[in-house]
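Sequential numbering from 1 along the given sequence is applied to the chain's residues. Treat the numbers as computed from the prediction; the structure is a model and nothing was measured. These values consider heavy atoms only, across backbone and side chains, with no hydrogens, waters or symmetry-generated copies.
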Amino acid sequence: MLIVEPYKRLAWSQNASGEQAKDGLKSVVTWTLTAVEGGTLVRMEHSGFRPQDEAGYQAMGNGWPRVVAGWNEPLRTWDSC
């Protein structure tokens, strides 16, 4: 964990491991919450990609939308509790 600001921001490092650790991806995932009328704006940034990390960038860029889309139903259910 790099940053923990309750109800505002959360950030952690996401790095390569094992044999790839030395020269592999070293990135940061940051979530920022902003209160807006009627709810909360959630912003996610995954930074730290270098040109040689293009394959990881593409894989994670395609993966994050699926992860977030999977939250839709649980969040709707939680909101109605």
Side-chain angles (χ1 to χ4, degrees):
M1 240 0 114
L2 301 173
I3 300 170
V4 177
E5 293 178 33
Y7 308 105
K8 291 183 181 178
R9 195 163 56 142
L10 179 67
W12 66 83
S13 59
Q14 191 162 316
N15 302 328
S17 60
E19 293 178 8
Q20 297 178 342
K22 181 181 175 195
D23 297 318
L25 177 64
K26 292 171 180 49
S27 64
V28 174
V29 178
T30 304
W31 296 87
T32 305
L33 306 176
T34 305
V36 296
E37 187 174 330
T40 303
L41 175 66
V42 179
R43 180 175 187 272
M44 186 277 265
E45 177 183 1
H46 194 163
S47 61
F49 294 95
R50 305 163 296 176
Q52 62 265 39
D53 299 325
E54 181 64 24
Y57 175 80
Q58 292 298 326
M60 291 180 206
N62 291 326
W64 278 117
R66 287 193 301 269
V67 169
V68 173
W71 297 345
N72 245 357
E73 190 57 35
L75 289 174
R76 252 195 309 273
T77 303
W78 181 41
D79 189 44
S80 65
C81 292

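Screening residues 56-65 for salt bridge (Lys or Arg N to Asp or Glu O under 4.0 Å) gives no qualifying pairs among residues at least two apart or on separate chains. Within the structure, salt bridge (Lys or Arg N to Asp or Glu O under 4.0 Å) pairs that include any residue of residues 28-44 comprise Arg43-Glu45 (at least two apart or interchain).
Between Gly24 and Ala16, the closest heavy-atom pair is CA-CB, 3.7 Å. Of all heavy-atom pairs between Leu33 and Tyr7, the closest is CB-O, 3.9 Å. Trp31 and Trp12 make their closest contact through NE1-CH2, 3.0 Å (heavy atoms, listed as atom of the first residue, atom of the second, distance). Heavy atoms only, all atoms of each residue included: Gln58 and Glu54 are closest at NE2-OE2, 2.6 Å. Counting all heavy atoms, side chain and backbone alike, Ala11 lies closest to Val28 at CB-CG1, 4.4 Å.
Taken together through direct or relayed side-chain contacts under 4.5 Å among Ile, Leu, Val, Met, Phe, Trp and Tyr, Val68 and Val42 form part of one hydrophobic cluster. Linking ILVMFWY residues whenever their side-chain heavy atoms come closer than 4.5 Å, directly or via other members, leaves Val67 and Leu41 in distinct clusters.
Note that the CG atom of Asn15 and the CG atom of Leu25 stand 7.0 Å from one another [nearest 0.5 Å]. Here Met44 contributes atom CE and Trp64 contributes atom CH2; the two are 4.5 Å apart, rounded to the nearest 0.5 Å.
Taking the side chain as every heavy atom from C-beta outward, Leu10 and Val4 approach each other to under 4.5 Å.
No more than 12 heavy atoms of other residues, nucleotides or ligands lie within 6.0 Å of NZ in Lys8, so this atom counts as exposed by the packing criterion. Taking a 6.0 Å sphere around CD of Glu19, one finds it holds 12 or fewer heavy atoms contributed by other residues, nucleotides or ligands. A 6.0 Å sphere centred on OH of Tyr57 holds no more than 12 heavy atoms belonging to other residues, nucleotides or ligands. More than 12 heavy atoms of other residues, nucleotides or ligands sit less than 6.0 Å from atom CD of Gln14.
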